[in-house]
Amino acid sequence: MGSGGWGTALALVLLENGHDVTLWSYTEAECAVLKEQRENPMLKGVSLPEGLKLTSDSSCVKGCGVVVLATPSFAVRATARALAPLLEPGTVLVSVSKGIEKDTSLTLTEAIAQEVGERCPIVALSGPSHAEEVGRQIPTAVVSASKDRSAAELVQDLFMNERFRVYASDDVVGVELGAALKNVIALCAGVCDGMGYGDNTKAALMTRGLTEIARLGVAMGGRRETFAGLTGVGDLIVTCTSMHSRNRRCGILIGKGVPAQQAVQEIGAVVEGYYAAATARALAQKVGVEMPITEAAYQVLYCGKDPQSVIVELMTRERKHELEDSWV
Ligand SMILES: NC(=O)c1ccc[n+]([C@@H]2O[C@H](COP(=O)([O-])OP(=O)(O)OC[C@H]3O[C@@H](n4cnc5c(N)ncnc54)[C@H](O)[C@@H]3O)[C@@H](O)[C@H]2O)c1
């Protein structure tokens with residue numbers, strides 16, 4: 001459900017694995033382009049085999065054993081709500097979007113659960129995975145996380161092949177928060193690149209960024225080890241260092257002086273880190289954890305603060321111990 005870059009790349013993995021796959025587009029126009037060109041403009045050079053069914057009719061989920069939700073995070077709840085009456089009990093729902101719900105601060109699987117109730121097991125599939133690279137069949141590893149072990153392992157089996165490796169996990173909160181929050185750090189990495197800063201700055205940003213992501217994640221019930229895994233440091237590496245990352249590209253524009261709103265519009269596709277900066281900040285305040293980099297990102301993105309002065313403020317915060325429990 002969602003024929004953007006990611007929904008399409010994952011549909012191709014499932015098709016390659018011999019499954020009966022239908023790719024649903026949000027609009028008829030989007031579906032018509034796919035039917036006509038047998039290529040997704042978001043995944044140039046990757047052709048869509050005839051075996052991949054294309055539709056914009058959401059009743060396609062009737063009778064499906066597994067439904068993958070691949071819309072932008074802001075549309076996940078509405079999509080789940082629209083599908084709920086069409087789903088058979090036991091249908092496994094797979095959330096592959098990355099974000100935190102804006103108004104509720106819920107993770108996306110939590111929002112889906114509110115819409116479909118207990119009837120359907122829910123899995124988060126996440127990790128360091130650019131659609132462009134999965135579409136080109138480049139080896140990739142991700143995590144299938146669910147409280148329901150058999151659902152996590154079912155999704156693992158459905159997607160796994162010689163170029164797409166899937167690990168299973170029961171730490172759904174840890175997996176989802178790592179995925180959502182790294183987009184904020186990737187945006188900041190782009191800002192630093194746009195300002196002409198170097199590898200030292202980016203290494204510091206990524207490492208301290210991961211520290212604060214894990215701090216919030218653990219406070220929310222995630223396991224610390226998850227943040228050292230594929231959906232934590234793995235996804236952080238991939239998004240902070242690649243030009244495939246629209247969050248990083250958006251940051252680069254901001255670092256070069258483009259106002260934040262305009263930069264988001266110029267990217268032309270959803271920049272999840274922009275929204276995640278506001279939700280992560282709200283969550284951090286709610287649970288009482290310190291997230292100085294996320295706060296700095298918020299100040300630049302929403303309050304029009306100059307990145308240069310924000311970086312000076314970050315660098316001159318009161319001195320700290322690297323490990324919070326040093327000498328206690
Ligand atoms: N692109 C990637 O490499 C990648 C990798 C992993 C995870 N993700 C996550 O997957 C999600 C989708 O990303 P994408 O890259 O495919 O985005 P995209 O912008 O390429 O496509 C999103 C799709 O959702 C549809 N859509 C837009 N508004 C909608 C609405 N209101 N209701 C239902 N559908 C709507 C669009 O028409 C489009 O088909 C994001 O949360 C992203 O963070 C992306």
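None of the values given here were measured: they were computed from a predicted structure. First listed ligand is number 1; within each ligand, the first listed atom is number 1.
- The closest non-hydrogen atom to atom 30 (C) of ligand 1, taken over Ala75, Ser73, Gly5, comes from Ala75.
- Listed by number with element, the atoms of ligand 1 under 4.0 Å from a non-hydrogen atom of Met42 are 20 (O).
- Those atoms of ligand 1 that come under 4.0 Å of a heavy atom in Ala131, given as number and element, are 1 (N), 2 (C), 3 (O).
- Residue Glu30 places at least one N or O, backbone or side chain, under 3.5 Å from an N or O of ligand 1.
- Counting only heavy atoms of the protein, atom 26 (N) of ligand 1 lies nearest to Pro72 CD, 3.7 Å.
- When only interatomic distances are considered, the shortest N/O to N/O separation between Arg246 and ligand 1 falls below 3.5 Å.
- Close approach of ligand 1 to Ala70 is summarised as follows: ligand atoms under 4.0 Å from at least one heavy atom of the residue are 12 (C).
- In terms of protein heavy-atom proximity, atom 13 (O) of ligand 1 is closest to Trp6 CB, 4.2 Å.
- Listed by number with element, the atoms of ligand 1 under 4.0 Å from a non-hydrogen atom of Ser3 are 39 (O).
- Within the model, atoms OG1 of Thr109 and CG of Leu125 stand 12.5 Å from one another, a figure rounded to the nearest 0.5 Å.
- The shortest contact between atom 5 (C) of ligand 1 and any protein heavy atom is with Ser129 O, 3.1 Å.
- Given atom 33 (C) of ligand 1, the protein heavy atom at minimum distance is Tyr26 CD1, 3.2 Å.
- Distances below 4.0 Å separate heavy atoms of His130 from the following atoms of ligand 1: 3 (O).
- In this structure, Arg165 satisfies the cation-pi test against Tyr167, with its NZ or CZ atom closer than 6.0 Å to the six-membered ring centre and inside 45 degrees of the ring normal.
- Closest to atom 23 (C) of ligand 1, if we only count protein heavy atoms, is Gly4 N, 3.8 Å.
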